Amino acid sequence: MTSASFSSLPISSAQIANLDSLGYKQMTAIQAQGLPYVLQGKDLIAKAKTGSGKTATFGIGLLQKINPRFFGVQALVLCPTRELADQVGKELRKLARNTPNIKLVLLCGGKPFGAQKGSLEHGAHIVVGTPGRIEDHLNRGTLVLAGLHTLVLDEADRMLDMGFFDVINEIIEQTPSKRQTLLFSATYPSTIKKMCASILNDPVTISVESEHTESVIEQTFYPVKSQQRNKALLALFEHYQPETTVVFCHTKIQCDEVARYLHNHQIEALAIHGDLEQRERDQVLVRFANHSCSVLVATDVAARGLDIKSLQAVINFELPRDPDIYVHRIGRTGRAGEKGIALSLYTEQEHLRVRAIEDYQNKPCQSVDLDTLKTSPGFSLQSPMVTLQLDAGRKNKIRPGDLLGALTGDAGLSGSQIGKVDIFDISSYVAIERSASRKALNYFANGKVKGRSVRARMVVDSI
Ligand code: ADP
Ligand code: MG
């Protein structure tokens with residue numbers, strides 16, 4: 001595989017130095033293939049999976065074109081969820097570090113409208129957000145896109161799955177027709193094709209296939225009767241005993257049911273789907289990422305918000321209709337050369353889906369009888385960490401170092417007993433080794449952080 005350095009691109013040396021300081025030494029495949037076109041101003045359709053470096057592919061391009069002296073929105077990035085918009089916003093800010101006076105505003109649902117309106121009034125060059133809230137701002141006249149030169153649709157397939165087709169078209173109608181449009185999608189179903197035909201102008205299409213799915217992901221299919229699914233799922237856990245797993249389901253109700261079933265069988269699991277309140281979603285994502293929950297039961301849409309480097313296992317509780325989605329799901333395991341396992345349950349009726357996956361991957365699927373799984377009576381799966389929630393956050397000027405300092409100082413924990421720290425506006429989460437959680441809680445019952453007493457509680461399952 002060829003690797004290319006950013007210095008081969010027509011971008012400023014300040015940006016190259018910035019990329020270097022971010023540790024971006026070589027372009028990822030999608031950047032190497034896409035950036036030359038993006039920088040030429042071409043429209044682009046890029047098919048690539050999560051973690052391939054899409055943000056910099058459009059980010060470096062759109063930043064290059066921003067005129068800081070023009071106080072109008074020049075670039076708009078549409079994302080399916082708030083989490084994804086947050087991630088894109090963070091990444092763009094990093095990429096913009098060397099370009100002074102560029103203002104980026106996030107416009108997502110679940111946040112106060114008034115504050116967003118205020119930020120827009122102060123002038124924004126770049127807007128990143130979710131379609132629904134952006135449409136609201138357009139309708140109320142608080143957002144104007146007449147000066148836009150770059151439009152990005154990130155994770156376009158998910159936005160369509162979530163029913164944003166009409167909203168996106170309405171947003172696009174308010175942008176100048178002479179603009180650069182960049183569309184990114186993990187899959188390329190016919191709905192995306194249709195959308196591309198109407199909104200892109202003479203686009204270049206690039207596709208970065210999952211580089212190592214075949215070699216490092218071990219894929220196994222288990223035929224089941226539909227009433228056997230739950231039991232079969234338990235058997236998979238007993239046999240493989242994975243430390244981090246996402247179980248994919250189709251519906252929200254199914255996610256809840258499967259999580260509850262696992263929970264009732266001593267496997268700690270949390271469900272995540274679009275029906276959760278934002279605060280609950282945040283908590284679930286925090287707990288999974290900080291290893292205080294080992295199993296997440298998710299819909300495809302909800303799983304997009306996950307920023308997890310290495311899942312040990314992906315389980316398809318049911319097979320998706322589209323083989324593209326299957327490949328995308330299993331691509332979350334076996335990253336960075338590690339071995340991953342992808343396990344799929346399927347019934348007689350889903351047989352055609354297995355065929356479609358075989359056609360797509362151009363190789364037979366390995367089907368194995370459930371009887372071959374080793375049972376392990378009394379098996380239970382508990383995460384190594386627990387999460388403490390504190391009632392102080394960014395607004396109280398709490399930083400990760402303050403919490404680490406308090407816990408390793410007065411509370412007497414060792415650094416290795418403390419995991420990830422996540423700070424939100426008015427609360428924070430700290431992962432603590434299970435065996436040290438008492439000690440940490442006792443400390444917060446009396447001790448202080450930055451001179452202020454902080455209330456702590458252990459986050460427990462609401463199942
Ligand atoms: P995607 O949107 O395709 O899922 P991101 O753009 O969020 O992926 O990038 C995934 C991760 O890789 C981010 O943490 C980002 O900072 C990092 N990254 C992106 N490009 C490079 C690069 N050229 N070299 C090293 N790391 C990179
Ligand atoms: Mg992304």
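What you see is a predicted model, and the numbers here were worked out from it, not measured in a lab.
- For the pair E358 and R355, the salt-bridge criterion is met [side-chain N within less than 4.0 Å of a carboxylate O].
- Of the possible polar contacts, none joining the D300 side chain to the R158 backbone as a donor-acceptor pair under 3.5 Å is found.
- Taking OG1 from T187 and CG from D322, the interatomic distance works out to 6.0 Å, rounded to the nearest 0.5 Å.
- The shortest non-hydrogen separation linking R281 to E83 is NH2-OE1, 3.0 Å.
- With sequence neighbours excluded, the residues satisfying salt bridge (charged side-chain N to carboxylate O under 4.0 Å, His left out) with K117 are E121.
- Checked against side chain to side chain donor-acceptor pair (under 3.5 Å), K178 has no partners two or more places apart in sequence or in another chain.
- Distance alone, capped at 3.5 Å, places no donor-acceptor pair between the S427 side chain and the I423 backbone.
- Proximity of a side-chain donor or acceptor of S119 to a complementary backbone N or O of A115 within less than 3.5 Å is detected.
- Summarising the local packing, NZ of K194 is surrounded by 12 or fewer heavy atoms from other residues, nucleotides or ligands at distances under 6.0 Å.
- Taking the charged nitrogens against the carboxylate oxygens, D202 and K42 do have a contact shorter than 4.0 Å, which makes a salt bridge.
- For F113 and H137, the gap between ring centers is short of 6.0 Å.
- R260 places no side-chain N or O within donor-acceptor distance of the main-chain N or O of A269, the cut-off being under 3.5 Å.
- For the pair E218 and K339, the salt-bridge criterion is met [side-chain N within less than 4.0 Å of a carboxylate O].
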(request) Evaluate the side-chain hydrogen bond (donor to acceptor under 3.5 Å, both in side chains) criterion for residues Q219 and Q361: first the C-alpha distance (whole Å), next the side-chain angles of each, then the deciding distance (0.1 Å), finally the verdict. (result) CA-CA 11 Å; Q219 306 177 46; Q361 300 194 120; 3.1 Å; yes
(request) Report the C-alpha separation of H125 and Q74 in whole Å, then their side-chain angles, then the decisive distance to 0.1 Å, and conclude whether the side-chain hydrogen bond (donor to acceptor under 3.5 Å, both in side chains) test is met. (result) CA-CA 5 Å; H125 301 108; Q74 297 163 52; 4.5 Å; no
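- E348 CD: 12 or fewer foreign heavy atoms inside a 6.0 Å radius.
- Here the closest heavy-atom approach between residue L200 and residue T181 is recorded as CD2-O, 3.4 Å.
- Residues I66 and P68 share a closest heavy-atom pair of O-CD, 3.4 Å.
- For the pair D20 and K25, the salt-bridge criterion is met [side-chain N within less than 4.0 Å of a carboxylate O].
- The only option from D86, L106, V88 that meets the side chain to side chain contact (heavy atoms under 4.5 Å, CB included) definition with C79 turns out to be V88.
- By the 4.5 Å heavy-atom criterion applied to side chains, I60 and L35 are counted as neighbours.
- The shortest distance between side-chain heavy atoms of Q31 and T28 falls below 4.5 Å.
- In this structure, D324 does not pair ionically with K49, as no charged nitrogen and carboxylate oxygen lie closer than 4.0 Å.
- With H122 contributing its side chain and G118 its backbone, the two residues share a donor-acceptor pair below 3.5 Å.
- In this structure, CZ on F248 lies 8.5 Å from NE2 on H328, to the nearest 0.5 angstrom.
- Rounded to the nearest 0.5 angstrom, D43 CG and L183 CG are separated by 10.0 Å.
- Other residues, nucleotides and ligands contribute over 12 non-hydrogen atoms within 6.0 Å of the CG atom of L22.
- Contact annotation: the side chain of V295 approaches that of F237 to within less than 4.5 Å [non-hydrogen atoms, C-beta and beyond].
- The 12-atom threshold is not exceeded at CZ of R321, counting heavy atoms of other residues, nucleotides or ligands nearer than 6.0 Å.
- Side-chain atoms of Q266 and Q382 include no donor-acceptor pair closer than 3.5 Å.
- Residues T245 and I315 meet the side-chain proximity criterion, which asks for heavy atoms closer than 4.5 Å.
- No more than 12 heavy atoms of other residues, nucleotides or ligands lie within 6.0 Å of OH in Y37, so this atom counts as exposed by the packing criterion.
- Distance check: S5 OG to L19 CG gives 10.0 Å after rounding to the nearest 0.5 Å.
- Among V77, I45, V152, L153, the one residue that satisfies the side chain to side chain contact (heavy atoms under 4.5 Å, CB included) test with F184 is V152.
- Although no hydrogens or angles enter the test, the distance criterion places a donor-acceptor pair under 3.5 Å between the side chain of T81 and the main chain of L84.
- If you check the side chains of E268 and S383, you find a donor sitting under 3.5 Å from an acceptor.
- A pairwise comparison of heavy atoms in C293 and F288 identifies O-CD1, 3.3 Å as the closest pair.
- Other residues, nucleotides and ligands contribute over 12 non-hydrogen atoms within 6.0 Å of the CD atom of Q228.
- When side chains are defined from C-beta on, L104 counts as touching V128, because their heavy atoms get closer than 4.5 Å.
- More than 12 heavy atoms of other residues, nucleotides or ligands sit less than 6.0 Å from atom CG of D359.
- Checked by atom type and distance alone, the side chain of Q241 pairs as donor or acceptor with a backbone atom of E238 at under 3.5 Å.
- With hydrogens and angles disregarded, a donor-acceptor distance shorter than 3.5 Å links the side chain of T244 to the backbone of Q312.
- Side-chain N or O atoms of Q15 include one that pairs as donor or acceptor with a backbone N or O of L95 at under 3.5 Å.
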(request) Test side-chain hydrogen bond (donor to acceptor under 3.5 Å, both in side chains) on N290 and T387 and set out the steps. (result) CA-CA 8 Å; N290 76 12; T387 297; 3.1 Å; yes
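- Within the 6.0 Å centre-distance limit, the rings of F221 and Y326 are counted as a close aromatic pair.
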(request) Please lay out, stage by stage, how L182 and T150 fare under the test side-chain contact (heavy atoms from CB on, under 4.5 Å). (result) CA-CA 8 Å; L182 309 172; T150 314; 4.2 Å; yes
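- Residues A302 and H273 approach most closely at CB-CA, 3.7 Å, considering heavy atoms.
- K103 forms no cation-pi arrangement with F71, by the criterion of a distance under 6.0 Å to the ring centre and an angle within 45° of the ring axis.
- Here the shortest heavy-atom pairing between L39 and G61 reads CD2-CA, 4.0 Å.
- With contacts defined as side-chain heavy-atom distances shorter than 4.5 Å, the pair V208/K47 does not qualify.
- Between the side chain of R82 and the main chain of C108, no donor-acceptor pair closer than 3.5 Å is present.
- Atom NE2 of H291 is surrounded by 12 or fewer heavy atoms from other residues, nucleotides or ligands within 6.0 Å.
- Summarising the geometry, atom OG belonging to S344 is positioned 12.5 Å from atom CZ belonging to F317; distances are rounded to the nearest 0.5 Å.
- Side-chain contact check for D154 versus L78: every heavy-atom pair is 4.5 Å or farther apart.
- Atom CZ of R332 and atom CG of L311 lie 7.0 Å apart (nearest 0.5 Å).
- At least one side-chain heavy atom of L9 sits less than 4.5 Å from a side-chain heavy atom of M27.
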(message) What verdict does the side-chain hydrogen bond (donor to acceptor under 3.5 Å, both in side chains) test give for Y346 and S367, after you've listed the backbone C-alpha separation in whole Å, the side-chain angles of each residue and the deciding distance to 0.1 Å?
(response) CA-CA 10 Å; Y346 72 97; S367 233; 2.6 Å; yes
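- Contact check on R229 versus E350 returns a salt bridge, with a Lys/Arg side-chain nitrogen under 4.0 Å from an Asp/Glu carboxylate oxygen.
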